[in-house]
Amino acid sequence: MDIHQHNRNLIGKFRAALYDIELDKLRAQLHDVFAPDASIHLAFPFEDLDGPDDLFETAYNPLIYAVPDLERRDFIVVAGESNGANLVGCGGHYIGVFEDYWLDIPPTQHAVFMRYHEFFRIEGDRVVEMQAVWDIPQVMIQADAWPMSPALGMAWQVPAPAPQNGLKHGPHDTETSATAYQVVFDMLTSILRSSEGVDAMQLDRYWHPKMNWYGPAGIGSMRRITGFRNWHQIPFLKAMPDRAADLNTGYMFADDDIVAFTAWPGAQLTLTQDGWLGIPPLNKPLTMRSLDFWRVENGMIRENWVLVDLLDMYNQMGVDVFSRMCEVTVARQPRGSFTI
């Protein structure tokens with residue numbers, strides 16, 4: 001069997017365990033997939049966890065307590081090789097009814113969704129490393145508990161790839177994958193020339209006229225190059241013009257028409273100007289965790305799914321987002337937890 005299909009099947013066990021969840025079995029199911037000493041990196045405030053037991057106790061058990069009918073819905077599952085490692089990348093939503101407090105976010109008793117991008121490095125039929133961003137701020141929005149500045153883009157439940165082909169199966173299509181990889185690699189190389197001006201980035205060369213850019217809560221989603229420029233790229237580059245990323249670090253691979261990238265972190269930058277997320281210039285060096293998927297169609301990028309660990313960036317800036325959220329929702333917090 002093709003190694004990449006083999007690895008997709010392995011992660012399929014993890015996906016299945018989180019689709020029809022049986023809490024008393026979940027810990028054992030995680031042990032079937034993860035090495036005992038797997039290195040697990042989750043979005044803030046979870047951070048680094050040690051192996052499947054810590055993943056269960058720290059991340060999944062509290063989430064399932066708050067959302068008892070939790071269900072995992074993948075819309076992207078891709079596999080490939082990068083820097084000598086075999087990887088699987090997944091994108092999707094956790095959904096269910098939000099019945100109890102989670103990370104102090106007040107429950108709504110309504111259906112809730114939370115996007116995730118999760119990458120798994122596999123050795124010897126076990127996951128030895130996981131890098132994952134959960135869009136926790138997306139849950140804050142749905143709970144009417146938003147503590148940060150308004151997003152410039154649209155907040156919504158982002159869709160699956162337009163051709164409905166995000167769940168890859170079968171042997172790796174080497175030729176198509178290489179072509180898609182090169183398009184995205186060349187685009188990223190051009191974008192990193194931002195200091196030379198808009199023309200140097202050649203956006204029209206790489207991005208489809210009807211492109212969609214699906215960003216995280218706090219930034220939002222947007223359509224067409226004009227939307228991407230106005231509501232993400234211009235504010236981002238204006239505030240942090242020195243951003244730097246090494247495409248040879250982290251992991252970047254393609255599976256058919258979808259290209260994936262993860263690094264922990266993937267960029268270094270300094271907040272020196274105004275204009276991004278309503279945050280004043282702090283002259284503070286920051287790192288950014290960004291886990292991405294791109295879909296290439298007829299030689300151009302038509303869709304781009306992006307999750308940024310914004311809570312980690314706020315934490316680096318010295319802003320306690322969760323404390324502010326509790327102040328916003330103080331009347332809905334458990335009695336005695338906070339005072340007005």
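Because the structure is predicted, anything quoted here is derived from the model rather than measured.
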Original post:
Cluster partners of Ile76, using ILVMFWY side-chain heavy atoms under 4.5 angstrom, listed by chain and number?
Top reply: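 Members other than Ile76 - counting any ILVMFWY side chain reachable under 4.5 Å - are Phe75, Val78, Leu87, Phe119, Val133, Met154, Trp156, Val158, Tyr214, Tyr251, Phe253, Ile258, Trp264, Leu291, Phe293, Trp305, Leu307.
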Worksheet item: Knowing that exactly one of Asn7, Asp2, Asn9 qualifies, which makes a side chain to side chain donor-acceptor pair (under 3.5 Å) with Gln5?
Response: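 Only one option passes, and that is Asn9.
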Does [X], at its [atom1] atom, have more than 12 non-hydrogen atoms belonging to other residues, nucleotides or ligands within less than 6.0 Å?
X: Glu175; atom1: CD; answer: no
X: Arg223; atom1: CZ; answer: yes
X: Arg324; atom1: CZ; answer: no
X: Arg224; atom1: CZ; answer: no

Margin query: Parallel, tilted or perpendicular: which one describes the rings of Phe228 and Trp213, with boundaries at 30° and 60°?
Written below: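 Answer is tilted, since the angle falls between 30° and 60°.
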Inset, instruction - Kindly state whether the ring of Trp102 and the ring of Tyr65 have centres lying under 6.0 angstrom apart. - result: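 Ring centroids of Trp102 and Tyr65 are no less than 6.0 Å from each other.
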If I compare all heavy atoms of [X] with all of [Y], which pair ends up nearest, and what's the gap?
X: Glu118; Y: Ala132; answer: CG-CB, 3.6 Å
X: Thr287; Y: Met313; answer: O-CG, 4.0 Å
X: Arg289; Y: Phe44; answer: NH1-N, 3.9 Å
X: Gly153; Y: Met222; answer: CA-CE, 4.0 Å
X: Ala254; Y: His172; answer: O-CE1, 3.0 Å
X: Ser82; Y: Met252; answer: OG-N, 3.0 Å

Given side chains that start at C-beta, do those of [X] and [Y] come closer than 4.5 Å, heavy atoms only?
X: Ile191; Y: Leu203; answer: yes
X: Phe120; Y: Cys90; answer: yes
X: Trp294; Y: Val306; answer: no
X: Pro68; Y: Glu99; answer: yes
X: Glu57; Y: Arg27; answer: yes
X: Asn86; Y: Arg121; answer: no
X: Phe236; Y: Leu269; answer: yes
X: Asp144; Y: Arg332; answer: yes

Is there a donor in the side chain of [X] and an acceptor in the side chain of [Y], or the other way round, less than 3.5 Å apart?
X: Asp48; Y: His41; answer: yes
X: Asn304; Y: Asn212; answer: no
X: Tyr94; Y: Tyr60; answer: yes
X: Ser177; Y: Asp255; answer: no
X: Asp53; Y: His31; answer: yes
X: Arg8; Y: His6; answer: no

Before giving the answer on side-chain hydrogen bond (donor to acceptor under 3.5 Å, both in side chains), spell out for Asp74 and Tyr116 the whole-Å C-alpha distance, their side-chain angles and the decisive distance to 0.1 Å. CA-CA 9 Å; Asp74 293 277; Tyr116 57 82; 3.0 Å; yes
Working to the nearest 0.5 angstrom, can you tell me the gap between [X] [atom1] and [Y] [atom2]?
X: Asp256; Y: Asn165; atom1: CG; atom2: CG; answer: 6.5 Å
X: Met114; Y: Ile141; atom1: CE; atom2: CD1; answer: 13.5 Å
X: Asn230; Y: Ile225; atom1: CG; atom2: CD1; answer: 11.5 Å

With the 4.5 Å side-chain cut-off for hydrophobic clustering, are Met300 and Val296 part of the same group?
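No, separate clusters.
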Checklist line | Donor-acceptor under 3.5 Å (Gln138 side chain, Arg115 main chain) | finding: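 Confirmed, Gln138 side chain pairs with Arg115 backbone.
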